[in-house]
Peer 1: 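I'd like to ask you about the structure that follows.
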Protein chains: 2
Amino acid sequence: MTTKPSTDRRIKYTKMVLRESLIALLERKPIERITIKEICDDADINRATFYAHYADQYDLLRQIEEDLYTNISVSLSQLSQDPANPNTLKQAENIFDYLRDNARITRLLLSDRGDFSFQKRVMRLVYDLITTQLRVTKSLSAADAEYVYAFTITGCVGIVQRWLDDDMRKSSKVMAKMVIGMTIGLIQSLKADSFIE
Amino acid sequence: MTTKPSTDRRIKYTKMVLRESLIALLERKPIERITIKEICDDADINRATFYAHYADQYDLLRQIEEDLYTNISVSLSQLSQDPANPNTLKQAENIFDYLRDNARITRLLLSDRGDFSFQKRVMRLVYDLITTQLRVTKSLSAADAEYVYAFTITGCVGIVQRWLDDDMRKSSKVMAKMVIGMTIGLIQSLKADSFIE
DNA sequence: ACAATAACACAACACAGTGTTGATTAAGGA
DNA sequence: TCCTTAATCAACACTGTGTTGTGTTATTGT
């Protein structure tokens with residue numbers, strides 16, 4: 001029996017080329033116009049083999065997303081445990097660095113055309129880390145918090161998209177400052193006057 | 001010759017049932033799993049007729065989106081010209097009322113699964129009206145404004161989605177207050193400390 | 001190094017949906 | 001009413017789908 005089911009180099013290769021093939025195609029057209037046959041032809045993989053690993057194009061894309069998600073998640077948790085990195089600002093900055101370093105995949109998954117639900121998941125990851133470190137969440141009522149939360153998360157998605165569209169011209173440091181500044185600003189504006197009737 | 005090309009009742013009927021059919025299907029499954037044949041069968045319209053009006057499912061959906069967009073746009077411009085409605089808050093409240101009144105279509109197009117680009121377009125519409133009336137935009141530097149803009153627009157998308165998920169439990173008034181309050185809060189937080197290096 | 005295992009390729013399959021055509025029928029507008 | 005135009009119908013070739021069984025080859029653990 002195999003302890004790790006996907007150590008097999010053949011599997012690794014197959015998944016890798018299929019992934020690469022879909023990514024290349026996604027840079028040229030939206031997922032709904034990409035066929036499984038197309039992906040397989042480009043990757044030089046038999047279609048039957050594709051079905052052995054994925055249900056369809058969307059399933060393959062989902063697994064690519066998961067990859068990015070866990071990568072970000074890992075580098076986040078590494079950062080927050082690193083005693084040399086006690087600074088929240090620095091951590092946020094590192095995330096932007098990470099996005100820049102992985103610009104190709106980032107542009108696909110996090111830009112305008114990417115899956116919005118996935119993008120929110122990513123931002124939630126970052127947001128939770130920032131706010132728990134800043135210890136600001138508890139100062140909000142539970143009812144309002146939900147909505148501020150929703151607003152901020154999606155707001156972050158928007159600002160990252162803007163950054164990508166702008167060819168990441170602004171430095172990671174500036175972006176980090178901006179996002180944290182706005183997050184804090186939002187929470188404080190809410191504390192100032194309650195929206196409850 | 002016909003002055004308006006789509007006055008013909010037959011065309012109106014065809015488009016209407018096709019629209020209705022797609023909307024009904026969208027309530028059960030995502031667009032990528034809906035076929036043209038399926039739409040036509042449900043609407044009892046010949047497939048050849050479908051192709052006379054639309055390129056594919058996505059084209060039909062786009063036209064449904066345009067419909068909602070122009071409807072919101074019209075009711076917005078009506079409100080802003082109404083001298084009995086000088087209040088920005090009241091106008092924002094009316095938008096939430098409109099969304100509630102059209103809950104069925106709103107849930108499809110503006111919720112989590114809807115097209116994000118479209119959602120941003122809608123929010124931009126509302127945001128522009130609010131900010132020009134509040135006369136707050138000019139107090140920002142052009143460079144920063146772009147990013148605050150992106151953040152706020154998408155933030156609004158998020159908060160509306162949260163509201164829909166929450167079955168529109170909060171009143172339109174509360175929502176309007178919240179959105180405007182957060183928008184102002186964001187802009188002021190930016191004025192307080194510049195993010196520029 | 002060897003044998004067992006598992007992944008992949010290949011070909012073939014029935015099937016469903018696509019997009020287009022030309023002829024026919026029916027309804028609309030002036 | 002008469003002319004126009006939309007919709008229907010049937011048929012078309014075509015592309016992609018999802019699945020199957022068989023044979024081949026690479027990988028892994030002993």
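Just so it is clear, the structure is predicted and the values come from calculations on it, not from any experiment. In what follows, every chain begins at residue 1, and chains take the letters A, B, ... in the order their sequences are listed.
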Peer 1: Looking at F151(B), I'd like to know if the NZ or CZ of R162(A) sits under 6.0 Å from its six-membered ring centre while staying within 45 degrees of the ring's axis.
Peer 2: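 Not satisfied by the 6.0 Å and 45° rule.
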Peer 1: State whether T35(B) places a side-chain N or O below 4.0 Å from either non-bridging phosphate oxygen (OP1 or OP2) of dA16(C).
Peer 2: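 Result: no.
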Peer 1: Which residue lies toward the 5' end of DNA chain D, N46(A) or I36(A), if each is placed at its nearest nucleotide?
Peer 2: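 On the 5' side of the pair lies I36(A).
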Peer 1: Rounded to whole Å, how long is the line connecting atom CG of D44(A) with atom P of dA9(C)?
Peer 2: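 Going from CG in D44(A) over to P in dA9(C) covers 8 Å.
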Peer 1: Write down the distance between OH (Y51(A)) and P (dG18(D)), rounded to a whole number of angstrom.
Peer 2: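 After rounding, the gap between these two atoms is 4 Å.
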Peer 1: For D128(B), is there an ion pair with R124(B) - N to carboxylate O distance below 4.0 angstrom?
Peer 2: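 Judged by the 4.0 Å cut-off on N to carboxylate O distance, R124(B) and D128(B) do not form a salt bridge.
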Peer 1: Roughly how many Å is it from CZ in R9(A) to P in dA26(D), rounded to a whole number?
Peer 2: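 Taking CZ of R9(A) and P of dA26(D), I get 12 Å after rounding.
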Peer 1: Requiring both pairing distances under 3.5 angstrom, list the stems that contain DNA chain C and are made of three or more consecutive Watson-Crick or G-U pairs.
Peer 2: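 As far as DNA chain C goes, consecutive pairing (with distances under 3.5 Å) yields the stems C:1-12 with D:19-30, C:14-18 with D:13-17, C:20-30 with D:1-11.
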Peer 1: Atom NZ of K12(A) to atom C1' of dT28(D): distance rounded to whole Å?
Peer 2: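 Distance check: K12(A) NZ to dT28(D) C1' gives 13 Å.
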Peer 1: Is any NZ, NE, NH1 or NH2 atom of the basic residue among K170(B) and D166(B) found under 4.0 Å from an Asp or Glu carboxylate oxygen of the other?
Peer 2: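 No salt bridge links K170(B) with D166(B).
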Peer 1: How many whole angstroms separate atom CZ of R33(B) from atom C1' of dT17(D)?
Peer 2: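 My rounded result for the distance is 13 Å.
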Peer 1: Quick check: on DNA chain D, is the nucleotide nearest A52(B) upstream (toward 5') of the one nearest D56(A), or the reverse? Name the residue that is more 5'.
Peer 2: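 Its nearest nucleotide lies further toward 5', so the answer is A52(B).
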Peer 1: Using the closest heavy atom to pick a nucleotide of DNA chain C for each, name whichever of K37(B) or A48(A) lands nearer the 5' end.
Peer 2: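 Here A48(A) is the residue nearer the 5' end.
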Peer 1: Just by modelled atom types, is the I36(B) backbone N or O under 3.5 Å from a matching donor or acceptor in the Q57(B) side chain?
Peer 2: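 No, Q57(B) side chain to I36(B) backbone: no donor-acceptor pair under 3.5 Å.
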Peer 1: Given the structure, check if the side chain of R47(A) and the base of dG18(D) hold any donor-acceptor pair shorter than 3.5 Å.
Peer 2: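 Indeed, a donor on one side and an acceptor on the other fall under 3.5 Å apart.
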Peer 1: Looking at the base of dA7(D), is there any donor atom on it, or on the side chain of R10(B), that sits under 3.5 Å from an acceptor on the other one?
Peer 2: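 Donor-acceptor pair under 3.5 Å: no.
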Peer 1: Can you check the F50(B) CZ to dT21(C) P distance for me, whole Å?
Peer 2: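 Nearest whole value for this atom pair: 17 Å.
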Peer 1: Side chain of E27(B), backbone of L22(B): donor and acceptor closer than 3.5 Å?
Peer 2: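 Absent.
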Peer 1: If I take atom CD in residue E38(A) and atom C1' in nucleotide dT17(D), what distance separates them, rounded to the nearest angstrom?
Peer 2: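 Whole-Å distance recorded here is 14 Å.
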Peer 1: Just by modelled atom types, is the V179(A) backbone N or O under 3.5 Å from a matching donor or acceptor in the T183(A) side chain?
Peer 2: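 Checked: pair present.
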Peer 1: Could you tell me how far apart H53(A) (NE2) and dC8(C) (P) are, to the nearest whole angstrom?
Peer 2: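 Nearest whole value for this atom pair: 4 Å.
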Peer 1: Between Q119(B) (side chain) and L109(B) (backbone), is there a donor-acceptor pair under 3.5 Å?
Peer 2: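 Such a contact is found between Q119(B) side chain and L109(B) backbone.
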